[in-house]
Enquirer: 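The structure that follows is given in the form of structure tokens.
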Amino acid sequence: MQLPEDYNELKMIRYQKIEELKNMAVNPYPYKFTRTHTAKDVVKQYDELGGEQVSVAGRIMSLRKMGRASFAHIVDMHGKIQIYVREDKIGQDNYSMFRLLDIGDFVGVTGQVFRTRTGETSILVTQLTLLSKSLRSLPIVKEKVEAGQHLVYDKFSDVEMRYRQRYVDLVVNPEVRKVFVKRSKIIGSMRRFMDELGFLEVETPILQPIYGGAFARPFVTHHNSLDIDLYLRISNELYLKRLIVGGYDGVFEFGKDFRNEGMDRFHNPEFTQMELYVAYQDYIYMMELVENMIAKIAGEINGTTKVTFQNRTIDLKPPWRRLRMYEAIEEKTDYNLYGKSENEIREIGKNLDIDVNALPNKGKIIEGIFEEFVEPHLIEPTFIIDFPIEISPLAKKHRDDPNLVERFEPYIFGREIGNAFSELNDPIDQRKRFEAQMEMKKQGDDEAQVMDEDYVRALEYGMPPTAGLGIGIDRLVMILTGSPSIRDVILFPQMRPESLGPNLKMDEDV
RNA sequence: GCGCCCAUGGCUCAAUUGGCAGAGCAACGGACUCUUAAUCCGUAGGUUGUAGGUUCGAUUCCUACUGGGCGCACCA
């Protein structure tokens, strides 16, 4: 047997406790425990359960040993409950076993529900079963309630460890657990919303021979037996629209997309998007759908359409403000760009201190001005509508102006949370747009989109008028949970690998 | 990719102008059958992220590296 030489002192002590338990014929890792109630049930239903026998299981999260009687709190998924363990109730042998237990161990208890002198609902334990012995000590977080204030001491707060060892974060920080429960409910609520509208949930490829549907650099991977490179999808769009061609009137997909870009508070290399495509509808319909959907989700999750983020409170109740991109820019810069030539706009960009030399065309300059001067001010929920055609190769031309497309992006708290348009279904126009993108790519725009012949072929068979939408789930969850960083709403955010130790990192570079 | 900041027992944090690395919690031993940040007495725990340098002497100053945070760039 391999001796645990590298164990630190605390781990060594726990290892020895496991050996002692084995010597007492206690299995530290048994197979099953049958519960009758959860911790929350017992606390909530004290009126019915007081004096009754219950069986509850959970992880020991606090421990107050005092001679021949002890108190502890055990925590399960939904709550915590105090247990009262007395030597005269469980017997001397079991009590010796209990004395070997630590914070972090899992136990199952059976006993009578009662209230302590101080009024806390508790279980007077008559049977105690060790369910799993922990070898590594948890960071201890202490808390107390004083004058209605919930005070936390020695909170486990090192963000690096919290993200790398999310399991520990979840164990000791209940508010983190709540965020991910909310995330799950948000997705559930959104799915229900679309089910009720009769849309079909589908799955499309993540590994794609041609990536498309967004401006982004992809991750590349390789398929061995086909001996071809494949790309991890940057969006679901082109496949979902093929399904509209195929005859489904409404399809949606929750899925991970992957973009090989920088990482920060708002960007993780893999992120979750919900994309939706609806036949016979346009972007006006989609705006109404978005504001109704978000408001409904907020109501279901938080009980209100008001949300507070970094000390500002807004209301998500429809209707949201709709603002044309040109008007939004004029509102903030006093420049009306509408109908201006590329050279004029380039000049205005210069006057506004935008680095126009880095921007290849008119559309990109307008977008640059917008992002710099307008975006940060879009705190209240707002639809920015009618975008320049150059930056929207998959959107349909505006019914009133061929230089624009019918497209909108919803903004909340200064952040884009989605993207939608009346989908381009004219195959001849679509081919031209792809060709224009290819031209931009040639001129060095490495995020320009690439021609997808099969997609154009699908359009050539005919796609009905269609409205499409993509919603960034992570950002929506950030807003609805008040989380300042995307890493707070992704269970396992991308991190650099932990260091391997000094003698394992030799053959790098070369 | 660039700039600024951070890294000290298991956890949360100290350490004066460079002068013996310390505390609380957790742990270990003892007391304790209604405690709840349990309490009381005692004990142990550290190559200060890594590798160099300056110095009689480095947690402290310098350089490089690793990891993280924030901002910028890129993007959603």
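Heavy-atom basis, side chains included; hydrogens, waters and symmetry copies ignored. Throughout, a chain's letter reflects where its sequence line sits, starting with A, and its residues are numbered from 1.
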Enquirer: As a test of reading the structure: which of B:G69, B:C32, B:U33 is closest to the side chain of A:R99, going by heavy atoms?
Expert: B:C32

Enquirer: Quick one: which of B:C28, B:A37, B:U35 gets closest to the side chain of A:K144?
Expert: B:A37

Enquirer: Counting side-chain heavy atoms from CB outward, which of B:U35, B:G68, B:U33 is closest to A:A69?
Expert: B:U33

Enquirer: Give one of base, sugar-phosphate or nothing for A:Q82, where a contact means two heavy atoms less than 4.0 Å apart.
Expert: base

Enquirer: Rounded to the Å, how far apart are A:D158 CG and B:C13 P?
Expert: 8 Å

Enquirer: Does A:S62 reach a base, just sugar-phosphate, or nothing at all? Heavy atoms under 4.0 Å.
Expert: nothing

Enquirer: Assign A:Y95 to base, sugar-phosphate, or nothing according to its heavy-atom contacts below 4.0 angstrom with the strands shown.
Expert: nothing

Enquirer: CD1 of A:I123 versus C1' of B:C34: gap in Å, rounded?
Expert: 16 Å

Enquirer: With under 30° as parallel and over 60° as perpendicular, where do the rings of A:Y411 and A:F370 fit, or are they tilted in between?
Expert: perpendicular

Enquirer: Check whether any side-chain nitrogen or oxygen of A:R64 sits under 4.0 Å from OP1 or OP2 of B:U35, and answer yes or no.
Expert: no

Enquirer: Could you please name the option among B:C74, B:A76, B:U33 that lies closest to any side-chain atom of A:R475?
Expert: B:A76

Enquirer: What nucleotide among B:C11, B:G67, B:A76 has an atom nearest to a side-chain atom of A:P139?
Expert: B:C11

Enquirer: Please classify the nucleic acid contact of A:K155 as base, sugar-phosphate, or nothing, using heavy-atom distances under 4.0 Å.
Expert: sugar-phosphate

Enquirer: Under 4.0 angstrom, heavy atoms only, what part of the nucleic acid is A:G472 near: base, sugar-phosphate, or nothing?
Expert: nothing

Enquirer: Does a side-chain N or O from A:R415 land closer than 4.0 Å to OP1 or OP2 of B:A76, or not?
Expert: no

Enquirer: Among the candidates B:C74, B:U35, B:C28, find the nucleotide nearest to the side-chain atoms of A:R217.
Expert: B:C74

Enquirer: Nearest-Å distance, CE (A:M161) to P (B:C11)?
Expert: 5 Å

Enquirer: Any heavy-atom pair between the side chains of A:F156 and A:Q165 that's under 4.5 Å?
Expert: no

Enquirer: How many whole angstroms separate atom CD of A:E375 from atom P of B:A76?
Expert: 10 Å

Enquirer: Could you give the distance separating B:C41 and B:U66 at their C1' atoms, to the nearest angstrom?
Expert: 44 Å

Enquirer: Looking at the side chain of A:R496, which of B:C28, B:A37, B:G68 is the nearest nucleotide?
Expert: B:G68

Enquirer: Using purine N1 to pyrimidine N3 plus N6-O4 or O6-N4 for Watson-Crick, or N1-O2 and O6-N3 for G-U wobble, both under 3.5 Å, which nucleotide pairs with B:C34?
Expert: none

Enquirer: Between A:R233 and A:E275, does at least one N-O distance fall below 4.0 Å, as a salt bridge requires?
Expert: no

Enquirer: Select base, sugar-phosphate, or nothing to describe what A:N260 touches, counting heavy atoms under 4.0 Å on all strands.
Expert: nothing

Enquirer: Under a 4.0 Å N-O cut-off, is there an ion pair linking A:K40 with A:D76?
Expert: no

Enquirer: With sugar-phosphate meaning primed atoms plus P, OP1 and OP2, does A:K17 contact a base, only sugar-phosphate, or nothing at under 4.0 Å between heavy atoms?
Expert: sugar-phosphate

Enquirer: Between B:G68 and B:G53, how far apart are the P atoms? Round to whole Å, please.
Expert: 28 Å

Enquirer: Could you give the distance separating B:C2 and B:G45 at their P atoms, to the nearest angstrom?
Expert: 44 Å

Enquirer: Of all the choices, B:G69, B:A27, B:C34, which nucleotide is nearest to the side chain of A:L10 once you look at every atom?
Expert: B:A27

Enquirer: Can you tell me, in whole Å, how much space there is between the P of B:U39 and that of B:G57?
Expert: 45 Å

Enquirer: Does a side-chain N or O of A:K89 approach OP1 or OP2 of B:U33 to a distance below 4.0 Å, or not?
Expert: no

Enquirer: The side chain of A:D88 lies closest to which of these nucleotides: B:C11, B:U33, B:G68?
Expert: B:U33

Enquirer: Measure from NZ on A:K364 to P on B:C74 and round the result to the nearest Å.
Expert: 10 Å

Enquirer: If you compare every side-chain N and O of A:R487 against the phosphate oxygens of B:G69 (OP1, OP2), does one of them come in below 4.0 Å?
Expert: yes

Enquirer: Pick the closest RNA chain B nucleotide for A:I13 and for A:D154 by heavy atoms, then say which residue is nearer the 5' end.
Expert: A:D154

Enquirer: Does OP1 or OP2 of B:A38 have a side-chain N or O of A:K142 closer than 4.0 Å?
Expert: yes

Enquirer: Specify the separation, in whole Å, of atom CZ of A:F258 and atom P of B:A76.
Expert: 17 Å

Enquirer: Could you tell me whether A:E19 and A:K22 make a salt bridge, using a distance below 4.0 angstrom between a side-chain N and a carboxylate O?
Expert: yes

Enquirer: Got A:S70 and A:R99 here, is their nearest side-chain heavy-atom distance under 4.5 Å?
Expert: no

Enquirer: Looking at A:R164, I'd like to know whether one of its side-chain N or O atoms comes within less than 4.0 Å of OP1 or OP2 on B:G67.
Expert: no

Enquirer: Can you confirm whether the side chains of A:Q82 and A:T116 place a donor and an acceptor under 3.5 Å from each other?
Expert: no

Enquirer: How would you label the contact of A:E120 with the nucleic acid (heavy atoms, under 4.0 Å): base, sugar-phosphate, or nothing?
Expert: base

Enquirer: Given that both distances must come in under 3.5 Å, which nucleotide forms a Watson-Crick or G-U wobble pair with B:C61?
Expert: B:G53

Enquirer: Could you identify the nucleotide paired to B:A21, looking across every strand shown and requiring Watson-Crick or G-U wobble geometry with both distances under 3.5 Å?
Expert: none

Enquirer: Using purine N1 to pyrimidine N3 plus N6-O4 or O6-N4 for Watson-Crick, or N1-O2 and O6-N3 for G-U wobble, each under 3.5 Å, what pairs with B:G3?
Expert: B:C70

Enquirer: Given atom CD1 of A:I234 and atom C1' of B:A76, what is their separation to the nearest angstrom?
Expert: 11 Å

Enquirer: With rounding to the closest Å, how many angstrom separate the C1' atoms on B:A15 and B:G42?
Expert: 26 Å

Enquirer: Could you tell me whether A:E201 and A:R191 have a side-chain N and a carboxylate O separated by less than 4.0 Å?
Expert: yes

Enquirer: Indicate whether any N or O donor in one side chain lies under 3.5 Å from an N or O acceptor in the other, for A:D93 and A:S96.
Expert: no

Enquirer: With a 3.5 angstrom cut-off on both distances, give the Watson-Crick or G-U wobble partner of B:G42, or none if there isn't one.
Expert: B:C28

Enquirer: P atom, B:A7 versus B:C13: distance in rounded Å?
Expert: 11 Å

Enquirer: Are there over 12 heavy-atom neighbours, none belonging to A:R68, within less than 6.0 Å of that residue's CZ?
Expert: no

Enquirer: Expressed in whole Å, how much space separates the P atoms belonging to B:U48 and B:A21?
Expert: 10 Å

Enquirer: Closest approach to the side chain of A:F71, judged atom by atom: which nucleotide of B:U35, B:A76, B:U33 is it?
Expert: B:U35

Enquirer: If I take atom CE in residue A:M263 and atom C1' in nucleotide B:G69, what distance separates them, rounded to the nearest angstrom?
Expert: 12 Å

Enquirer: Pick base, sugar-phosphate or nothing for A:R136, based on heavy-atom distances below 4.0 Å to the nucleic acid.
Expert: nothing

Enquirer: Rounding to the closest angstrom, what is the interatomic distance between B:U59 and B:G19 at atom P?
Expert: 10 Å

Enquirer: Just to be sure I understand the rule, does A:D257 reach a base, reach only the sugar-phosphate, or reach nothing, if contact means heavy atoms closer than 4.0 Å?
Expert: nothing

